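Keep in mind that what you see is a predicted model, and the values were worked out from it rather than measured.
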Amino acid sequence: MAALSGKVVQNVFIAQFYQQNRQFGTQYQRDSCVPYMCALPPFHGGKLAWTSNSSMQMRNLLKYQNGFVNRRTFYCNAASSATAIPSLDKVDFLKLQNGSDIRGVAVSGVEGEPVSLTEPVTEAIAAGFAAWLLDKKKVDASRKLRVAIGHDSRISAQKLQDAVSRCIASAGLDVVQYGLASTPAMFNSTLTEDEAILCPADGAIMITASHLPYNRNGFKFFTNDGGLGKNDIKDILERAASIYSNFLAKGYSVKASESVKKIDYMAVYTSDLVKAVRKAAGNIEKPLEGFHIVVDAGNGAGGFFAAKVLEPLGAITSGSQFLEPDGMFPNHIPNPEDKAAMKAITQAVLDNKANLGIIFDTDVDRSAAVDSTGRELNRNCLIALMSAIVLEEHPGTTIVTDSVTSDGLTSFIEKKLGGKHHRFKRGYKNVIDEAIRLNSIGEESHLAIETSGHGALKENHWLDDGAYLMVKLLNKLASARASGKGVGSKVLTDLVEGLEEPAIAVELRLKINQNHPDLKGRSFRKYGEAVLQHLGNSIASNPKLQKAAVNYEGVRVSGFGGWFLLRLSLHDPVLPLNIEAPSHEDAVKLGHEVAAAVKEFQALDTSALDKFVQP
């Protein structure tokens with residue numbers, strides 16, 4: 001786009017009004033120095049309409065009974081520009097949505113993956129969140145909203161943090177940067193009440209893409225109600241798309257702002273974790289003294305756990321590895337589900353003769369552990385361990401999990417522990433929201449946890465916090481030693497005694513070719529649903545197989561001593577197939593049943609399944 005020599009949008013400034021005749025707040029006047037107010041069209045249903053003016057305005061037409069109008073007006077600071085405005089490409093913002101997160105490509109260099117999270121796109125998303133937050137909080141013009149911003153170790157983190165901070169501050173909100181932080185800490189910042197550290201935040205933004213490759217990044221958003229859901233993210237992206245369309249039409253430039261403060265909030269967050277372990281051990285200062293615990297942070301944001309949590313509690317942390325943040329992730333993917341990552345922490349435990357190993361994902365909302373013998377405490381085993389701890393504290397409670405948990409786990413929770421297993425859908429937010437829903441209708445639930453390592457407890461505000469999950473394990477170690485009931489990780493492994501774990505557990509991905517004529521104009525989702533419907537019908541007439549009586553996702557079937565689940569991916573044109581069985585032979589039998597049922601669907605790539613069932 002050619003450089004604009006006239007007036008361009010330089011400073012997007014959001015102000016809030018409740019009365020039509022209310023004067024612009026003096027606090028905002030001091031900060032903005034706006035030369036004129038831009039008149040713009042109304043805000044309708046989550047979208048912004050733009051006029052030919054180089055300006056923008058949002059109005060929420062929700063009228064209160066007293067005649068007031070809740071309004072959001074953008075004030076635009078426009079000025080002459082002698083410098084070239086960067087050329088902007090059209091962007092499909094809704095494609096950046098990944099469930100309850102936003103994700104995209106932030107760094108160039110990977111073939112076939114063009115950058116989608118540019119600075120203008122990032123600033124439009126930040127402006128969309130600012131507008132959403134103002135609508136959500138409905139504060140009057142006498143108080144500025146406060147937004148906390150943190151990031152993981154990715155190489156694009158600083159660039160995106162600067163872009164988000166510029167736009168949020170330019171929108172008239174206070175910005176507090178936490179720097180390197182964890183996702184759980186960002187949510188906690190909306191709950192902490194301490195004005196000395198500028199808390200609570202009205203909203204928080206975590207810049208992360210979890211365990212995805214180095215070139216990716218994204219955003220998670222929080223208020224004191226928790227993480228934003230899918231509908232909220234869609235709303236923010238629709239707002240961002242409208243804001244960006246004005247950038248395209250009128251030119252783009254956002255001024256840097258000086259109204260940004262920096263706080264070491266991680267010191268507060270880690271202090272709370274330390275206090276929780278001490279309390280569980282009867283307020284002993286160093287309840288983990290003598291324990292040797294190694295941490296693997298995978299060069300993500302979790303390196304703090306060794307020096308800031310374990311060492312103050314008295315633990316020995318020598319042998320901990322990959323604690324330094326490095327957004328290229330040179331050692332292994334920071335992912336507790338990754339085989340190479342689990343092998344790395346297991347080897348560290350064995351090499352250092354440690355009592356316990358702890359591993360985190362990039363932004364510390366997931367975790368897993370390894371006992372002193374090298375046994376992995378992840379996936380079904382971690383769920384069983386957390387269930388045992390929670391059911392000791394809350395007998396009979398319901399444990400909510402995702403859909404790919406094993407039949408052995410159900411038996412363990414219900415027959416061994418006396419709890420109830422509620423197997424729901426994939427997606428950590430789905431699992432958490434279902435636990436909250438059960439509580440709202442009178443069914444007590446204290447734990448919502450996925451096989452991925454996302455785990456949330458009612459006592460911790462339903463936040464999926466990998467560090468807090470590990471603190472629950474540390475609490476058990478500390479309290480057991482304090483009461484003379486055992487020492488070392490055997491305390492933990494004893495809790496999962498009797499858990500039946502499958503000999504074979506595989507996940508195969510059956511991709512849908514969206515360009516195949518067999519789709520006949522249907523979306524990949526409609527096509528996938530047709531596959532599942534056909535599979536369900538074919539199973540009904542097979543005496544060797546039994547379809548699950550209660551199932552919330554896909555088609556789950558038991559047979560040959562094991563089970564399989566075929567489901568449609570939450571976001572991608574893929575049908576993941578999970579198979580668990582007591583032997584490879586039995587797993588192959590289950591695979592053959594699926595292959596026979598779906599063979600007529602020509603757009604379905606079954607090569608992975610075909611390879612698995614080959615003799």
Side-chain angles (χ1 to χ4, degrees), residues 1 83-99 101-126 149-167 177 179-183 205-220 237 240-241 244 247-248 252-254 256 296-303 321-341 344 360-366 509 511 514 569 571-574:
M1 188 174 77
T83 59
I85 306 300
S87 177
L88 301 181
D89 297 322
K90 290 185 178 181
V91 176
D92 186 345
F93 276 78
L94 292 182
K95 285 188 176 180
L96 296 174
Q97 180 164 7
N98 185 66
D101 303 342
I102 291 173
R103 289 182 182 172
V105 177
V107 177
S108 62
V110 177
E111 187 177 354
E113 296 187 11
V115 173
S116 55
L117 282 182
T118 62
E119 290 186 65
V121 167
T122 297
E123 288 173 346
I125 291 171
I149 303 170
H151 60 77
D152 66 19
S153 61
R154 293 175 179 279
I155 60 175
S156 57
Q158 189 63 51
K159 178 182 71 174
L160 296 190
Q161 178 183 252
D162 289 346
V164 170
S165 299
R166 274 197 307 272
C167 201
Q177 291 182 350
L180 186 70
S182 70
T183 290
I205 303 174
M206 179 64 181
I207 303 171
T208 181
S210 188
H211 61 282
L212 293 182
Y214 76 94
N215 65 321
R216 310 292 183 86
N217 218 325
F219 308 99
K220 296 181 179 181
L237 287 172
Y244 188 82
F247 289 169
L248 286 172
Y252 153 78
S253 179
V254 177
D296 185 328
N299 301 111
Q321 59 192 17
F322 318 138
L323 304 183
E324 304 79 14
D326 185 338
M328 294 301 293
F329 310 123
N331 294 292
H332 62 69
I333 298 170
N335 181 4
E337 285 191 289
D338 181 68
K339 290 182 179 180
F360 296 110
D361 77 335
T362 317
D363 58 325
V364 202
D365 58 2
R366 296 189 294 138
R509 297 173 69 80
K511 297 181 180 179
Q514 297 183 77
S569 170
H571 313 296
D572 303 316
V574 173

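With sequence neighbours excluded, no residue forms a salt bridge (charged side-chain N to carboxylate O under 4.0 Å, His left out) with Asp296. With sequence neighbours left out, the ring pair (Phe, Tyr, Trp, His ring centres under 6.0 Å) criterion links His211 to no other residue. With sequence neighbours left out, Phe322 forms a ring pair (Phe, Tyr, Trp, His ring centres under 6.0 Å) with His332. Residues that satisfy the side chain to side chain donor-acceptor pair (under 3.5 Å) test with Asn98, not counting sequence neighbours, are absent from this structure. Listed by chain and residue number, nothing satisfies the side chain to side chain donor-acceptor pair (under 3.5 Å) test with Ser182 (two or more places apart in sequence, or in another chain). The side chain to side chain donor-acceptor pair (under 3.5 Å) test applied to Gln97 returns no partner, not counting sequence neighbours. Considering only residues two or more places apart in sequence or on other chains, Leu94 meets the side-chain contact (heavy atoms from CB on, under 4.5 Å) condition with Asp92, Lys234, Leu237, Glu238. The side-chain contact (heavy atoms from CB on, under 4.5 Å) check on Asp338 picks up Ile333, Asn335, Ala340, Ala341, with sequence neighbours excluded. Under the rule for a side chain to side chain donor-acceptor pair (under 3.5 Å), the partners of Ser156 that lie at least two apart in sequence or sit in another chain are Asn217. Scored by the side-chain contact (heavy atoms from CB on, under 4.5 Å) test, Ser210 finds Arg103, Asp361, Asp363, Arg366 as partners (sequence neighbours excluded). Every side-chain contact (heavy atoms from CB on, under 4.5 Å) that Leu323 has, sequence neighbours left out, goes to Val295, Ala297, Ala306, Ser320.
Between Pro334 and Phe360, every side-chain heavy-atom pair lies at or beyond the 4.5 Å cut-off. Counting only heavy atoms from C-beta outward, the side chains of Asp365 and Lys220 approach each other to under 4.5 Å.
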Mind running side chain to side chain contact (heavy atoms under 4.5 Å, CB included) on Thr208 and Asp101 for me, showing each step along the way?
CA-CA 9 Å; Thr208 181; Asp101 303 342; over 6 Å; no
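A distance-only check finds no donor-acceptor pair linking the side chain of Glu113 to the backbone of Asn215 [under 3.5 Å].
Taking both residues in full, the closest heavy atoms of Pro325 and Ser153 are given as CB-CB, 3.6 Å, listed atom of the first, atom of the second, then distance. Listed here is the closest heavy atom pair of Tyr214 and Arg154: CA-NH1, 4.0 Å.
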Only distances under 3.5 Å count here; give the side-chain donor-acceptor pairs of residues 157-164 to other protein atoms, sequence neighbours excluded, each with its distance to 0.1 Å.
| residue | atom | partner | partner atom | Å |
| --- | --- | --- | --- | --- |
| Gln158 | NE2 | Asp162 | OD1 | 3.0 |
| Lys159 | NZ | Ala106 | O | 3.1 |

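Screening Ile149, Thr122, Leu96 for a side chain to side chain contact (heavy atoms under 4.5 Å, CB included) involving Phe219 leaves a single residue, Thr122.
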